[in-house]
Amino acid sequence: MAVKIKLKRLGKIRQPHYRIVVADSRTRRDGRAIEEIGLYHPTYNPSKIEVDSDRAQYWLSVGAQPTEPVLAILKLTGDWQKHKGLPAPAPLLQPATKEDKRASFDAFAKDLEGDDAKGEAITPKAKKADKKADEAEAASTESTEA
């Protein structure tokens, strides 16, 4: 029996998410699995990838063959390199938390305060005199057209 590590598709039509499963190679894509070893959500920004490294290493050691998409995921997480004895890749990007975003915003705002920023709009407001002149000009063009 050939065992594959493959993706099991879940979710709505345009909102896919996958489970990384170990299954018999003869089963269908979303069919019965031997074990679930991870998650992959490609629609998140950045993509969410979770792999149980111990179980992935076990299945690779007993001869389970990953499909191409799963092989790419295992290379990103470093499990494939660990299995082959290669150096580990750079760590995955983790999404910034609200605290990190707030701290960077506060630092940026503090830099602006040094540049004499008053917290006003960049575009100057239209003056009332200019508005009245525009209305008078519009009225005179209407009378000449008639």
Problem set entry | Qualifying residues under salt bridge (charged side-chain N to carboxylate O under 4.0 Å, His left out), relative to Asp106, sequence neighbours excluded |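 So Asp106 forms a salt bridge (charged side-chain N to carboxylate O under 4.0 Å, His left out) with Arg102.
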Exercise. Who pairs with Lys75 by salt bridge (charged side-chain N to carboxylate O under 4.0 Å, His left out), at least two apart in sequence or on another chain?
Worked result: none
Can you name the nearest heavy-atom pair linking [X] to [Y], along with the distance?
X: Ser53; Y: Asp79; result: OG-OD1, 2.6 Å
X: Ala33; Y: Ala23; result: CA-CB, 4.1 Å
X: Leu74; Y: Thr77; result: O-OG1, 3.1 Å
X: Pro42; Y: Ser47; result: O-OG, 3.5 Å

Exercise. For residues 38-51, which residue pairs qualify under salt bridge (charged side-chain N to carboxylate O under 4.0 Å, His left out), counting only residues two or more places apart or in two chains?
Worked result: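 Residue pairs with at least one partner in residues 38-51: Lys48-Glu50.
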For this session: Can you measure from CD (Glu36) to OH (Tyr18) and round to the nearest 0.5 angstrom?
Result: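 If we round to the nearest 0.5 Å, Glu36:CD and Tyr18:OH are 15.0 Å apart.
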I'd like a table of donor-acceptor pairs (distance under 3.5 Å, sequence neighbours excluded) in which one partner is a side-chain atom from residues 64-72, with atom names and distances.
none

Exercise. Hey, does Glu35 have a side-chain heavy atom less than 4.5 Å from the side chain of Val21?
Worked result: no
Exercise. Is the closest side-chain heavy-atom distance between Leu39 and Arg19 below 4.5 Å?
Worked result: yes
Exercise. Do Ile20 and Val51 pass the side chain to side chain contact (heavy atoms under 4.5 Å, CB included) test, and can you show the C-alpha distance, the side-chain angles, and the key distance before you say yes or no?
Worked result: CA-CA 8 Å; Ile20 302 170; Val51 177; 3.8 Å; yes
Exercise. How are the rings of His83 and Trp80 set to each other: parallel, tilted or perpendicular (split at 30° and 60°)?
Worked result: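 Because their plane-to-plane angle lies in the 30° to 60° range, the rings of His83 and Trp80 count as tilted.
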Exercise. How would you list all residue pairs meeting ring pair (Phe, Tyr, Trp, His ring centres under 6.0 Å) that involve residues 50-74, not counting sequence neighbours?
Worked result: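 Pairs touching residues 50-74 that pass the test: none.
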Residues 5-17 side chain polar contacts: donor-acceptor under 3.5 Å, at least two apart:
{"residue": "Lys6", "atom": "NZ", "partner": "Thr27", "partner atom": "O", "Å": "3.0"}
{"residue": "Lys6", "atom": "NZ", "partner": "Thr27", "partner atom": "OG1", "Å": "3.3"}
{"residue": "Arg9", "atom": "NH2", "partner": "Ile13", "partner atom": "O", "Å": "3.2"}

